[in-house]
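The block underneath contains the structure these notes are about, expressed in structure tokens.
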Amino acid sequence: MAKNLLIVESPAKAKTIEGYLGKDFLVKSSYGHIRDLVKTDDAIDTSNNFTQRYEVPAEKKAVVSELKKLAKAAETVWLASDEDREGEAISWHLYETLGLDDEKTKRIVFHEITKPAILRAIETPRGIDFNLVNAQQARRVLDRLVGFELSPVLWKKVKPSLSAGRVQSVAVRLIVDREREINRFTAEAAFRVVAIFHTDNPKELFKAELPKRFTDVAEAERFLTDCIPARFAINSLETKPSKRSPAAPFTTSTLQQEASRKLGFSVARTMTVAQRLYEAGRITYMRTDSVNLSDTALQGAEQEIRSAYGDKYHKRRQYRTKSAGAQEAHEAIRPTYFDQHTIGGDNAERRLYELIWKRAIASQMSEAEFEKTTAKIGVSTREEELVANGEVMRFDGFLKVYFESTDDDDEHEPNLDNDTGNALLPPLTKGQQVQLKRMSATERFSRPPARYTEASLVKKLEELGIGRPSTYAPTISTIQNRGYVVKESRDGKPREYRIVELVGGTMSSLVKTEITGAEKSKLFPTDIGVVVNDFLVEHFNGIVDFNFTARVEKEFDEIAQGMKEWTAMLHSFYGPFHQEVETTTKHADRATNERELGEEPGTGKRVSVRIGRFGPMVQIGATDDEEKPRYASLRPGQMIETITFEEALDLFKLPKKVGEFEGKEMTVAVGRFGPYIRHDNAFFSLPKGLDPLDVTTESAIEIIREKRQKDKEKIIKIFEENADARIENGRWGPFIRFGKQNVKIPKGTEVNDITYEDVVKWAAEDEKKPKKKARGKK
DNA sequence: CAGTGAGCGAGCTTCCGCTTGACTT
């Protein structure tokens, strides 16, 4: 039996460390926390100085008993959990639960997993820091009290099984607030003037823009008209060097943001892929708020940069964290070995690794150097000047490997010639005359604030100091699982914009159409999310305040430094909080976002919207009328807060009969996958953009015929290419006959998109499924 | 599968932060 037992939090870490230490050390993992508050309401005795009841959860029993056995046999137990609040508490829980002695227990910390760092730590052990432990207990108890007192208020005043908490409720609030900002927003139009000039050489083209915008067409038109006889000259020419520096290596939150933007990963996906890379020894720990790199990492990066790109590409940099709540128990996320530019593994692993490698390497590289040129072009008939910008890269530096994206990357606005305006300018001199090739004034609209993506919500939460690297992904899942928020893509609406053009001395104007407001994988609040949020804001503003966490974190820090007593802190918080819970439970009205929209034309019946038993709905008529009220569910994308009277009435126009075809009725309705036509037990999706209310008998027949034709072509194709598979139209729509097997087409699949490979896959899946027993009728 | 639309009753739901695992349906 080994003389020393060393306990860390993560098994992958344990494995690495075991390699650094000799045979005298056995390195084991606690798998995170081993003890937690009991799950019942009596976990904390609030009338007895917040005494806590802890237990070892069932799934941790095996770990604990194993550690207990090993600890008994060891001469010395080294508690090496992370150097932060939670880590200290883990050490303390281990100490208590394993029944350790003071003499044989040592607490050590290190924030990089390297041999020298660990040996140094072992030479400088300390005791458990109880101030830090108390700060963790205060954090834990406060979160439990908030969560377990607030949630029941919601069960009573809104709906059972709902939840509220210090972190999740603020996340929901951010999304609700943003949605309202967007709803309130009115776009302002202005005309942006862009011109293309050339020098005496007609091939030397460059673009210039008017810094100011015109708010109405007449002004824009006058400017262009004034330009017809005008002469244009370079009034001034300025060239300045500029530099761009690389970004810091990844933390959890920045990794999630970049992986979302560059790879399209959800935050959960990023974390599971990163976990696999970590367990395979490819990268350092992926749940971190630190941008720090260890000395060995700095050396590794330096060596790699010098050998792969040359000495002038290297620049040693230390980054400092920006987020206030950072605890920095770990390094930044980086590759374990810098000389491995790529790795094996699946596609997702390879791409995420490459992103991490590039970002870490770039962080130790030189600035990129540019030369920026600004030319101002005078217009002889006007006061205003047009501005042309050119940029030349003199040295690529870190851009050789990595380019950081921004949230706006995908939102480039359409414009006349669709380039960036940062291109190369031709050689110009001051006073030189230039020729106008063409000029345009395009109507542009101001944009509302952007809806949150998962990743941009994480960014915001981190800025506010809310949540931790280990909880960002779970929090995003929680608010979706509770139904407060949905991640959706929504179609935009067409919008017209005007363009005035000046080409070859003649003016023309035209109107174009663009799509605006289309969203891809964005977070939208649901009606229930809105009701819960408004209720919490009204009655518990202190808790869902964006600064609540920052304030209590400051107090936790004071506890950690021994400047404040942790139960005193909890007393001063809990007294008023609990009082609010009591009075709200007693006196507050049931929360609702019911709205009256008006009276139904003709009948005069009340039209209202509210959340019903099955979700948001419109009701026409009163519940106690002798004639039963009529109901209709809101469609995806519609909300109680914003639905109009007309939209609400429209919901009752479906399902609608649109005539007969082949002796069978056709009905238009809206289902879960969008609007469809039902005919003879078959379903036909409407083409995008066609309003279900606009469907006529003729257009319905046309849609059915087109779909059948497409299916038929597909059937023929598959049949021709593969004699053993073909699609047939059955009683309930198309199915695939695959040899002797009948294969089901998964829901939502367009028959036209089916490939032979799909069929093979589905057939294999169908085989695996156990045969369902025939069920008798109830 | 293409839509519904409550109301006594019993007991349940719920937090945040560490970490990885998984009886087979």
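So that the names make sense, note that chain A is the first sequence line, chain B the second, and so on, each numbered from 1. This one's a predicted model, so the numbers in the text were calculated from it and none came from an experiment.
- In this structure, Asp143(A) places its CG atom 8 Å from C1' of dG17(B), rounding to the nearest Å.
- One atom, CD of Glu59(A), and another, P of dC23(B), lie 14 Å apart when rounded to the nearest Å.
- At least one donor-acceptor pair closer than 3.5 Å links the side chain of Arg590(A) to the backbone N or O of Val158(A).
- Of the residues in residues 152-160 of chain A, those placing a heavy atom less than 4.0 Å from an atom of DNA chain B are Pro152(A), Trp155(A), Pro160(A), in numerical order.
- One side chain, Gln136(A) or Glu86(A), offers a donor N or O that lies under 3.5 Å from an acceptor on the other.
- Annotation: the span from Ile643(A) atom CD1 to Leu634(A) atom CG amounts to 4.0 Å, rounded to 0.5 Å.
- Sorted by first then second residue, the salt bridge (charged side-chain N to carboxylate O under 4.0 Å, His left out) pairs that include residues 150-166 of chain A, not counting sequence neighbours, are Asp143(A)-Arg166(A).
- Counting non-hydrogen atoms under 4.0 angstrom, Pro629(A) reaches nothing in the nucleic acid.
- The two residues Ser290(A) and His330(A) make their nearest non-hydrogen contact at CB-O, 3.0 Å.
- Residue-level contact check: Val146(A) touches neither bases nor backbone, having no heavy atom under 4.0 Å from any strand.
- Per the geometry, CZ belonging to Phe556(A) stands 12 Å off C1' belonging to dG17(B), to the nearest Å.
- The separation between Leu651(A) atom CG and dG3(B) atom C1' is 13 Å, rounded to whole Å.
- Atom CH2 of Trp92(A) and atom CZ of Phe130(A) lie 7.5 Å apart (nearest 0.5 Å).
- Applying the side chain to side chain donor-acceptor pair (under 3.5 Å) rule to Arg630(A) yields the partners Glu600(A); only residues at least two apart in sequence or on another chain are considered.
- In this structure, Arg635(A) places its CZ atom 17 Å from P of dA2(B), rounding to the nearest Å.
- Non-hydrogen atoms lying under 4.0 Å from DNA chain B are contributed by nothing in residues 542-555 of chain A.
- Remark: Arg144(A) is not in phosphate contact with dG17(B), judged by side-chain N or O atoms under 4.0 Å from OP1 or OP2.
- Applying the 3.5 Å distance criterion, the base of dT14(B) shares no donor-acceptor pair with the side chain of Ser163(A).
- Protein atom NE2 of His679(A) is 17 Å distant from nucleotide atom P of dA2(B), rounded to whole Å.
- Under 4.0 Å is where a charged nitrogen must lie from a carboxylate oxygen, and between Glu553(A) and Arg139(A) no such pair does.
- Residue-level contact check: Ala43(A) touches neither bases nor backbone, having no heavy atom under 4.0 Å from any strand.
- Taking side-chain N and O atoms only, Arg85(A) has no distance below 4.0 Å to OP1 or OP2 of dC16(B).
- Contacts of Ala164(A) with the nucleic acid, taken as non-hydrogen atoms under 4.0 Å apart, involve only primed sugar atoms and P, OP1 or OP2.
- Residues Glu594(A) and Gln619(A) have side chains that never bring a donor and an acceptor to within less than 3.5 angstrom of each other.
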Produce the list of close N/O pairs, under 3.5 Å, pairing protein atoms with atoms of nucleotides 18-21 of chain B; give distances to one decimal.
unit_1  : atom_1 : unit_2    : atom_2 : d
dC18(B) : OP1    : Arg468(A) : NE     : 3.1
dC18(B) : OP2    : Ser470(A) : OG     : 2.5
dC18(B) : O3'    : Glu9(A)   : OE1    : 3.2
dC18(B) : O2     : His33(A)  : N      : 2.5
dT19(B) : OP1    : Tyr285(A) : OH     : 2.2
dT19(B) : OP2    : Tyr285(A) : OH     : 2.8
dT19(B) : OP2    : Arg287(A) : NE     : 3.0
dT19(B) : O5'    : Tyr285(A) : OH     : 3.0
dT19(B) : O4'    : Gly32(A)  : N      : 3.4
dT20(B) : OP1    : Ser10(A)  : OG     : 2.9
dT20(B) : OP2    : Gln275(A) : NE2    : 3.1
dT20(B) : OP2    : Arg287(A) : NH2    : 2.7

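- In DNA chain B, no run of at least 3 consecutive Watson-Crick or G-U pairs with both distances below 3.5 Å is found.
- In this structure, Leu686(A) CG and Asp691(A) CG are separated by 9.0 Å, a value rounded to the nearest 0.5 Å.
- With hydrogens and angles left out, the side-chain atoms of Glu149(A) and His578(A) include a donor and acceptor closer than 3.5 Å.
- For Ser633(A), the listed nucleotide lying nearest its side chain is dG5(B); candidates were dC15(B), dG17(B), dG5(B).
- Under 3.5 Å, the side chains of Gln168(A) and Ser163(A) contain a donor-acceptor pair of N or O atoms.
- Between Val581(A) and Phe540(A), some side-chain heavy-atom pair lies under the 4.5 Å cut-off.
- If Arg35(A) and Ser151(A) are placed on DNA chain B by their nearest nucleotide, the residue sitting closer to the 5' end is Ser151(A).
- When heavy atoms are screened at a 4.0 angstrom cut-off, Arg140(A) is found touching base atoms of the nucleic acid.
- Using modelled atom types, one finds no donor on one side chain facing an acceptor on the other under 3.5 Å when comparing Tyr484(A) with Thr478(A).
- At the heavy-atom level, Arg610(A) lies under 4.0 Å from base atoms of the strands shown.
- Defined by atom type and a distance below 3.5 Å, a donor-acceptor pair is missing between the side-chain atoms of Gln638(A) and Glu647(A).
- For the residue pair Arg287(A) / Tyr285(A), a side-chain donor-acceptor distance below 3.5 Å is found, with atom types taken as modelled.
- Among the atoms of the strands shown, none is found under 4.0 Å from any heavy atom of Gly87(A).
- Going from atom CG of Leu142(A) over to atom P of dG17(B) covers 11 Å, rounded to whole Å.
- Remark: P of dT4(B) and CG of Leu654(A) are 12 Å apart, rounded to the nearest angstrom.
- When distances are taken from the side chain of Arg678(A) to each of dG3(B), dC16(B), dT14(B), the shortest belongs to dG3(B).
- At the heavy-atom level, Gln168(A) lies under 4.0 Å from the strands shown only through sugar-phosphate atoms.
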